[in-house]
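Just below is one structure, and these are the notes that go with it.
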Amino acid sequence: MKILFVTSECAPFSKSGGLADVAFSLPPALKKAGNRIMIITPYYKCVKERFAEEVKFVKSMTVRLGNAELYCGLLKGTLNGVPVWFVDNEDLFHRDRLYGYDDDKFRFAWFSKAVIDVLDELDFLPEILHCNDWETALSIIYLKDAMAVRTDYRSIRTVYTIHNIAYQGQFGANELGDTFALNPGWYDGGLGYEYQGRHDVNLMKGAMLMADAVSTVSPTYARELHTPEFGKGLEGVCDIVESKMYGILNGIDPAHYDPGKDPRIPANFTAADKGGKAECKEYIQETFGLKKEELWPLFAVVARLVEQKGVELIRELLPQLMKKGVQLVIFGQGDQKYVDFFNHCREQYPGQFGFSDQYTEEMAAKVFAGADFYLMPSAFEPCGLSQMMAMRYGTVPIVHETGGLKDTVRPYSDFDGIGDGFSFSDYNAKSLMLAIDEAMKVYFAERDVFEVIRDRCMRKDFSWKKSALTYMKMYSDICGFGTDPNVTFEDAFEALKIVYTDQKKNREVFLEAQPDDYQTVVQVHIEGPGEGTFYLKFTRDGMEMEPYSYEGADVSISTTFDNLYNIAIGTTGPSRLFVNGQMKLEGNLSKGFELRYLIGIHNHSKKKKK
């Protein structure tokens, strides 16, 4: 599939938040999965200063937006084998910051228009135009306009990803023509936004309605967006586009965040040999002016200092927390009131509390590596990446059960010993303190259990492999491809093997609860494209998967490759397919009911008592 990934930032070239990390890691994962993909992003001042020698000038042209005809330079670089196209205009993008200017609406409208105007200059005409957040939303609208005269563009399908619905690109209605150079009909055609007595233009709303598919960055956040609390005025629009909305969890690049090889941290360590983590902790204590207390747990926060990140909760409970035998480091930039407050706390709690707003990626990695616990009490969190990064470095997360935090951190329960972090559901300082107390209890009184939790964190798979497959399924859905009619059984078998293997940890929980002699054999027949038969044998020791028939299987199922794939990634269930007549099931029906545990995503964790 041919994909153009449109983004206003892309690490390592430019970064202000998590979108840059996604642009850094998702396109290479999609390329690895067999797609042709390009990235297009602005040529900021920071890119020119740091990467000018790695980027080649291709051509210059003029991009017109309304009455403005501006120079557009087109440059090209690479990112892990993925072509990166840069759109240059010195007046618009050679500035000290990426965002935060009065003319941002024009800057990114012009960039969005340039994306469409340069399509003929790129390596290929994309089948998918994948846009992200409000800054690139207008590319979808400008593409729709261009289709009126460019019939070859009509085959391009569009995806719009919401990374944070709080930032919608909402402007006065007069900007529709004055800035965005759009026909007045677009106001009623999707961009108009009448809310709380205002008559505005909402770029995110327009992109959501016009895109062929809408995605957001975690399954839980996709569900939350339908509520007034999280939808931020667009919950009704989310209801309208529900049939084309996908919740796909973000990932990280495990090779980039590898404590065993990361050159940025003071000492390397692995899940098998964590000796270097103590040295990393000592480095953070020294750097932030803390006492070198080996036995005290070190808590850390690496975040933007804004209310959304739960900073108010931390501020409220800080005096209580400092009375305990703990240390806390807060590292990040943000609202000045929080910077002033934490600078004061550094003086009030010397040797126990550390703070710096001199943020760098290198120091963030050191904090992740040196801390024992990572606090992430966000009021809402579409996905969150820093909890995944912290866990890769053996730092146990304490999170609010919202959005991607709920999808990535499994709360520890002393009832069954399952879990890789701690969490709280009610958003208040008291609930956060209870979660911290629970974590400290395990740290001090059950150190062997804490080390098991830490080990689980380090071994957890946060790669893009599974999510990239889900993106490919979404792309196929909107392109009308479905399963390739020429797909071979061997290809279908290998694709299913990947996703079944990804469910290993979910399955192990179920299998560990079975008797020692447990065995279930499921024979699977793929109908239609990829037709063939294979079997899955499950015992307490795990899963065996072979591309053959199995005489005497406990249960036999027959369905399409698409249905099997959707079961595996959790977008449907075997029971639903069986009831709808889309899956045939023969043999021991009681064994058949176990399929949701064996070949699908299923939540095995027991709810904690409130």
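Everything numeric here is computed off the predicted structure, so don't read it as measured data.
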Quiz item: Hey, is E312 close enough to R315 for a salt bridge, meaning N to O under 4.0 Å?
Solution: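 A salt bridge is present here (some side-chain N lies under 4.0 Å from a carboxylate O).
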Practice problem: Indicate yes or no: does E282 engage K292 in a salt bridge with an N to O separation below 4.0 Å. | Solution: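 Result for this pair is yes, salt bridge flagged.
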Practice problem: Identify, with sequence neighbours excluded, every residue that meets side chain to side chain contact (heavy atoms under 4.5 Å, CB included) alongside E347. | Solution: none
Exercise. Please name all residues satisfying ring pair (Phe, Tyr, Trp, His ring centres under 6.0 Å) with F93, sequence neighbours left out, ordered by chain then number.
Key: Y44
Self-check item: Gap separating the CG atom of L249 from the CG atom of D407, nearest 0.5 angstrom
Solution: 6.0 Å
Quiz item: Taking atom CG of D414 and atom OH of Y412, what is their separation to the nearest 0.5 Å?
Solution: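 Rounded to the nearest 0.5 Å, the CG-OH separation comes out at 5.5 Å.
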Quiz prompt | D426 side chain vs N428 backbone, donor-acceptor pair below 3.5 Å | solution =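 It does not hold such a pair.
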Quiz item: Under 3.5 Å, is there a donor-acceptor pair between the side chain of Y565 and the main chain of L469?
Solution: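 At least one qualifying donor-acceptor pair exists.
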Exercise. Take E135 and Y99, measure what side-chain contact (heavy atoms from CB on, under 4.5 Å) needs, and give me the verdict at the end.
Key: CA-CA 10 Å; E135 288 87 355; Y99 317 113; 3.9 Å; yes
Practice problem: Report the C-alpha separation of F24 and F13 in whole Å, then their side-chain angles, then the decisive distance to 0.1 Å, and conclude whether the ring pair (Phe, Tyr, Trp, His ring centres under 6.0 Å) test is met. | Solution: CA-CA 9 Å; F24 168 78; F13 306 107; 9.0 Å; no
Practice problem: Please indicate whether K48 has more than 12 foreign heavy atoms, meaning atoms of other residues, nucleotides or ligands, lying under 6.0 Å from its NZ. | Solution: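 Not more than 12 within 6.0 Å, no.
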Practice problem: Return the set of residues passing salt bridge (Lys or Arg N to Asp or Glu O under 4.0 Å) with K15 (not counting sequence neighbours), or none when no residue passes. | Solution: D21, E361
Quiz prompt | Residues that E451 engages under side chain to side chain donor-acceptor pair (under 3.5 Å), provided they are two or more places apart | solution = R447
Quiz item: With sequence neighbours left out, what residues match D372 under side chain to side chain donor-acceptor pair (under 3.5 Å)?
Solution: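 For D372 the side chain to side chain donor-acceptor pair (under 3.5 Å) partners, ignoring immediate neighbours, are K281, R454.
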Is there a donor in the side chain of [X] and an acceptor in the side chain of [Y], or the other way round, less than 3.5 Å apart?
| X | Y | result |
| --- | --- | --- |
| Q285 | Q327 | yes |
| S16 | E9 | yes |
| T161 | H130 | yes |
| N132 | T7 | no |
| S425 | E401 | no |

Exercise. Could you tell me whether F450 and F373 have their ring centroids closer than 6.0 angstrom?
Key: yes
Practice problem: Verify whether the ring centers belonging to Y359 and F331 lie closer than 6.0 Å. | Solution: yes
Please table the atom pairs, donor to acceptor, closer than 3.5 Å between any side-chain atom in residues 380-394 and protein atoms at least two apart or in another chain.
{"residue": "E381", "atom": "OE1", "partner": "K309", "partner atom": "NZ", "Å": "3.0"}
{"residue": "E381", "atom": "OE1", "partner": "S378", "partner atom": "OG", "Å": "2.7"}
{"residue": "E381", "atom": "OE2", "partner": "K309", "partner atom": "NZ", "Å": "3.1"}
{"residue": "S386", "atom": "OG", "partner": "Y374", "partner atom": "OH", "Å": "2.9"}
{"residue": "Q387", "atom": "OE1", "partner": "L385", "partner atom": "N", "Å": "3.4"}
{"residue": "Q387", "atom": "NE2", "partner": "C383", "partner atom": "O", "Å": "3.2"}
{"residue": "Q387", "atom": "NE2", "partner": "G384", "partner atom": "O", "Å": "3.0"}
{"residue": "Q387", "atom": "NE2", "partner": "T408", "partner atom": "OG1", "Å": "3.0"}
{"residue": "R392", "atom": "NE", "partner": "Y257", "partner atom": "O", "Å": "2.8"}
{"residue": "R392", "atom": "NH2", "partner": "P254", "partner atom": "O", "Å": "2.8"}
{"residue": "R392", "atom": "NH2", "partner": "Y257", "partner atom": "O", "Å": "3.1"}
{"residue": "Y393", "atom": "OH", "partner": "D262", "partner atom": "OD2", "Å": "2.5"}
{"residue": "Y393", "atom": "OH", "partner": "R264", "partner atom": "NH2", "Å": "3.4"}

